[in-house]
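Working notes for the structure below.
Numbering of ligands and ligand atoms starts at 1, following listing order.
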Amino acid sequence: MAKICVLGLGYIGFPTGLLLASHGHEVIGVDVNKAVVETLQNGKLHIVEPGLDELFASAKEHFYASTVVPDADVFLIAVPTPFDKETRLSDLSYVKSAAEMIFPHLKAGNLVILESTVSPCASEKVVIPILKKSGLKVGEFLYAHCPERAIPGKTLYEMVHNDRIVGGIDAKSSEVTRDIYVSYVTGHIHLTDTKTAEFVKLTENTFRDVNIAFANELAKVAEDYGVNVWDVIALANKHPRVNILSPGPGVGGHCIAVDPWFLTENTQNAELILKSRSINDTMPNYVMMRVRKIVAGIEHPVITVLGVAYKADIDDCRETPATKFIKMAVNEGYTIKVHDPYAKRYEYPVVSLAEACEGSDCVVLITDHSVFKKINPVELKVRTKNLFDSRNCLDHEAWKQAGFMIEILGM
Ligand code: SAJ
């Protein structure tokens with residue numbers, strides 16, 4: 001069993017550290033945020049994710065949180081890679097500072113694993129040169145990029161069951177890294193080189209972004225023909241080689257909306273990928289255009305936004321398409337009322353369902369939280385009975401029975 005230092009105790013680093021600890025490794029979880037470390041030292045959790053409480057309890061004996069990097073056999077970097085909105089470039093500052101914290105402790109035979117998502121070649125151009133400040137050469141220390149691929153909401157399940165990509169800087173690095181993950185991963189572990197591993201991670205999320213852009217474009221085209229895009233996609237997906245994702249109000253979160261930019265930051269040859277980004281980024285504008293038509297003629301329209309989390313049944317509002325839609329609606333002079341049962345921190349006030357719907361002229365569903373399907377529309381004290389469902393997820397029959405005019409994206 002190894003002594004492993006995990007740098008970054010967020011949605012990836014913390015569960016990864018706990019999984020390693022619960023499988024017998026000695027884990028020191030390091031975070032620069034003192035409040036996070038203190039919370040964990042007091043036996044409390046700082047993030048919510050299914051199964052994390054139980055795992056924390058079972059891993060406690062082998063997991064210790066600290067703000068200081070210790071000597072270790074393995075250093076695993078799981079810090080955020082923010083996206084600089086102005087330049088549309090990846091911001092490697094946290095990854096760099098993690099490497100700076102590691103190199104004074106690096107000894108011959110140690111392994112450094114980078115799980116954070118980075119642009120292609122960042123390991124070789126940026127991370128490894130910092131680690132070399134230890135005086136060790138590549139080969140004397142081992143290095144691998146092993147991108148995280150777990151989906152929020154099912155993080156623990158996917159961390160254990162998904163296949164993993166291990167991109168070692170040399171064969172020995174790949175093999176030693178595989179031996180670490182094999183302790184808790186039941187999926188296959190595929191060995192490759194570092195640059196390919198960086199590219200694979202970005203490719204997965206870019207594939208999803210392009211597929212969603214296709215679904216969004218189909219939704220708009222179907223509207224022009226008076227065809228129901230949801231039926232079209234469901235039927236087309238019956239073909240054994242077709243798998244189209246769902247249209248919606250836009251793509252949010254810190255991965256799918258960002259990774260295509262990381263993938264393309266050093267090439268002149270991306271067209272489809274960038275066009276897809278633009279299709280997805282302008283979906284809130286399209287939803288706004290539909291809503292504008294619905295409330296045309298109403299004086300001082302009041303709009304209810306149902307859901308601001310970037311996707312269903314989670315509290316994460318990063319890069320949510322709801323924000324662009326709300327900003328556009330405010331610029332139209334509309335009054336906006338927001339309801340989301342999960343979102344705790346959001347830049348606009350989040351109120352109860354009853355309050356958000358009181359006096360409303362159009363209820364606009366942005367996030368398909370499961371609980372929204374159980375809303376009883378009869379109880380809503382709206383002023384004008386209009387619903388726009390951008391995810392085709394509500395019980396439309398019930399809303400119709402309650403007297404609502406219903407419009408749906410892609411129909
Ligand atoms: N969305 C649609 N239509 C769909 C599916 C999703 O509009 O059919 C939207 C969602 O509403 C959301 C956005 O796309 O706004 C992204 O959601 P998501 O569920 O597709 O993905 P993320 O960002 O939560 O997690 C992704 C996952 N990547 C892939 O599935 C290839 C996850 O496995 C990665 O670990 C994660 O990115 C990451 O950290 O990179």
query: N/O to N/O below 3.5 Å, does that happen between A150 and ligand 1?
result: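 Yes; the residue has a nitrogen or oxygen that sits under 3.5 Å from a nitrogen or oxygen of the ligand.
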- request: Report yes if some N/O of K201 lies less than 3.5 Å from some N/O of ligand 1; otherwise report no.
  value: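 N/O-N/O distance below 3.5 Å exists for this pair.
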field: E319, portion touching ligand 1 at heavy-atom distance under 4.0 Å
entry: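 Answer for E319: neither.
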- request: Would you give the length of the straight line joining atom CG of L191 to atom OG of S174, rounded to the nearest 0.5 angstrom?
  value: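 Here the interatomic distance stands at 5.0 Å.
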query: Rounded to the nearest 0.5 Å, what separation is found between the CG atom of D53 and the CG atom of L45?
result: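 These two atoms lie 5.0 Å from each other.
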message: So does I303 get a backbone contact from the side chain of S360, meaning a donor-acceptor N/O pair under 3.5 Å?
response: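 Not at all, since once roles are kept as given, no pair shorter than 3.5 Å links the two residues.
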- prompt: Under 3.5 Å, is there a donor-acceptor pair between the side chain of N237 and the main chain of I244?
  reply: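 Answer holds: yes.
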field: Pairs meeting criterion salt bridge (charged side-chain N to carboxylate O under 4.0 Å, His left out) with involvement of residues 229-246, two or more places apart
entry: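 Non-adjacent pairs meeting salt bridge (charged side-chain N to carboxylate O under 4.0 Å, His left out): zero.
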Within a distance under 4.0 Å of any heavy atom of [X], pick out the atoms of ligand 1 and give their elements.
X	result
E204	31 (C)
R208	5 (C), 18 (P), 19 (O), 20 (O), 29 (C), 30 (O), 31 (C)
E148	35 (O), 38 (C), 39 (O), 40 (O)

Side-chain H-bond candidate by donor/acceptor type, E148 with T16, under 3.5 Å: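 No, because no side-chain N or O of E148 sits under 3.5 Å from a partner of the opposite role on T16.
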query: Would Y143 and S123 count as having a side-chain donor-acceptor pair, cut-off 3.5 Å?
result: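 Side-chain D/A pair, Y143 to S123: present.
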query: Out of curiosity, is C255 lining ligand 1, as in a heavy atom under 4.0 Å away?
result: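 A heavy atom of C255 does come that close to ligand 1.
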- prompt: Is ligand 1 less than 4.0 angstrom away from at least one heavy atom of H254?
  reply: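 No.
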Considering only non-hydrogen protein atoms, determine which one is nearest to [atom] and report residue, atom name and distance to 0.1 Å.
atom	value
atom 11 (O) of ligand 1	R391 NH1, 2.8 Å
atom 14 (O) of ligand 1	I212 CD1, 3.6 Å
atom 16 (C) of ligand 1	G252 O, 3.6 Å
atom 19 (O) of ligand 1	K311 NZ, 2.9 Å
atom 25 (O) of ligand 1	I151 CG1, 3.7 Å
atom 8 (O) of ligand 1	S246 N, 2.8 Å
atom 33 (O) of ligand 1	R149 O, 2.8 Å

Nearest to [atom] by heavy atom, [options]: which?
atom	options	result
atom 21 (O) of ligand 1	D316, I256, T320	I256
atom 28 (N) of ligand 1	I314, I366, N205	N205
atom 12 (C) of ligand 1	Y310, F207, Y11	Y310

task: Run the salt-bridge test on K172 and D170 with the 4.0 Å N-O cut-off and return the result as yes or no.
output: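 Looking at D170 together with K172, the answer is no, because their closest N to O distance does not fall below 4.0 Å.
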